[in-house]
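Heads up, the thing below is written out as structure tokens.
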Amino acid sequence: MPQSVPFKQCPMCSKVWLTRQDFVCDPCLSIDGYQLDHENIDHGLLLFTHRVEGCGGSMALLSLDFFDLIFSYDAEKTAAIEGPVPSKL
């Protein structure tokens, strides 16, 4: 049986996040910035820091890997503010 590839590994302390969900829910990670790619917006990078004592590793991940979370959040937020979209008659 082939081993699955982890979502991300910290380059400093070697902590492994098996899934994107594990990564996003880790309270020891912070988003510290965004690096825009002016030629291709899909290639922008989200910059994270692993904030655990003795680590402080930095990681850059493609923002594209998180677009579905961003757009899903926006849709939920809009629905909560504006209410359900009326159906067309």
Side-chain angles (χ1 to χ4, degrees):
M1 179 187 288
Q3 286 186 316
S4 62
V5 177
F7 176 73
K8 189 67 179 169
Q9 182 173 5
C10 179
M12 289 287 290
C13 71
S14 300
K15 157 96 173 139
V16 172
W17 294 273
L18 295 177
T19 66
R20 182 182 71 169
Q21 185 70 23
D22 294 338
F23 188 83
V24 169
C25 292
D26 189 334
C28 296
L29 289 170
S30 64
I31 299 176
D32 291 327
Y34 175 76
Q35 182 176 339
L36 177 65
D37 182 329
H38 292 281
E39 293 180 19
N40 187 340
I41 196 163
D42 290 344
H43 293 158
L45 298 172
L46 287 170
L47 309 172
F48 294 88
T49 300
H50 190 208
R51 299 198 183 278
V52 216
E53 189 173 332
C55 182
S58 296
M59 296 164 271
L61 284 85
L62 281 174
S63 58
L64 185 61
D65 291 340
F66 300 92
F67 274 4
D68 64 311
L69 296 176
I70 295 165
F71 291 120
S72 172
Y73 172 77
D74 284 347
E76 291 172 14
K77 185 172 150 186
T78 300
I81 293 169
E82 298 177 0
V85 176
S87 60
K88 292 183 180 180
L89 297 177

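- There is no path of hydrophobic side-chain contacts, each under 4.5 Å, that joins F48 to V52.
- Ion pairing of K15 with D22 is absent here, as no side-chain N (NZ or NE/NH1/NH2) approaches a carboxylate O to less than 4.0 Å.
- Ring pair F66/F23 is tilted by interplanar angle, where 30° to 60° counts as tilted.
- Note that the CG atom of L18 and the CD atom of Q9 stand 10.5 Å from one another [nearest 0.5 Å].
- G56 and T49 get closest at one heavy-atom pair: O-CG2, 3.9 Å.
- L29 is connected to V24 through a chain of hydrophobic side-chain contacts under 4.5 Å among Ile, Leu, Val, Met, Phe, Trp and Tyr, so both are in one cluster.
- Side-chain N or O atoms of R20 include one that pairs as donor or acceptor with a backbone N or O of D65 at under 3.5 Å.
- Residues D37 and H43 come closest through the heavy atom pair OD2-CB, 3.4 Å.
- Residues V16 and M12 do not share a hydrophobic cluster, clusters being chains of Ile/Leu/Val/Met/Phe/Trp/Tyr side chains in contact below 4.5 Å.
- The two residues H50 and C55 have their closest heavy-atom pair at ND1-SG, 3.4 Å.
- Note: L45 CG to M59 CE = 13.0 Å, rounded to the nearest 0.5 Å.
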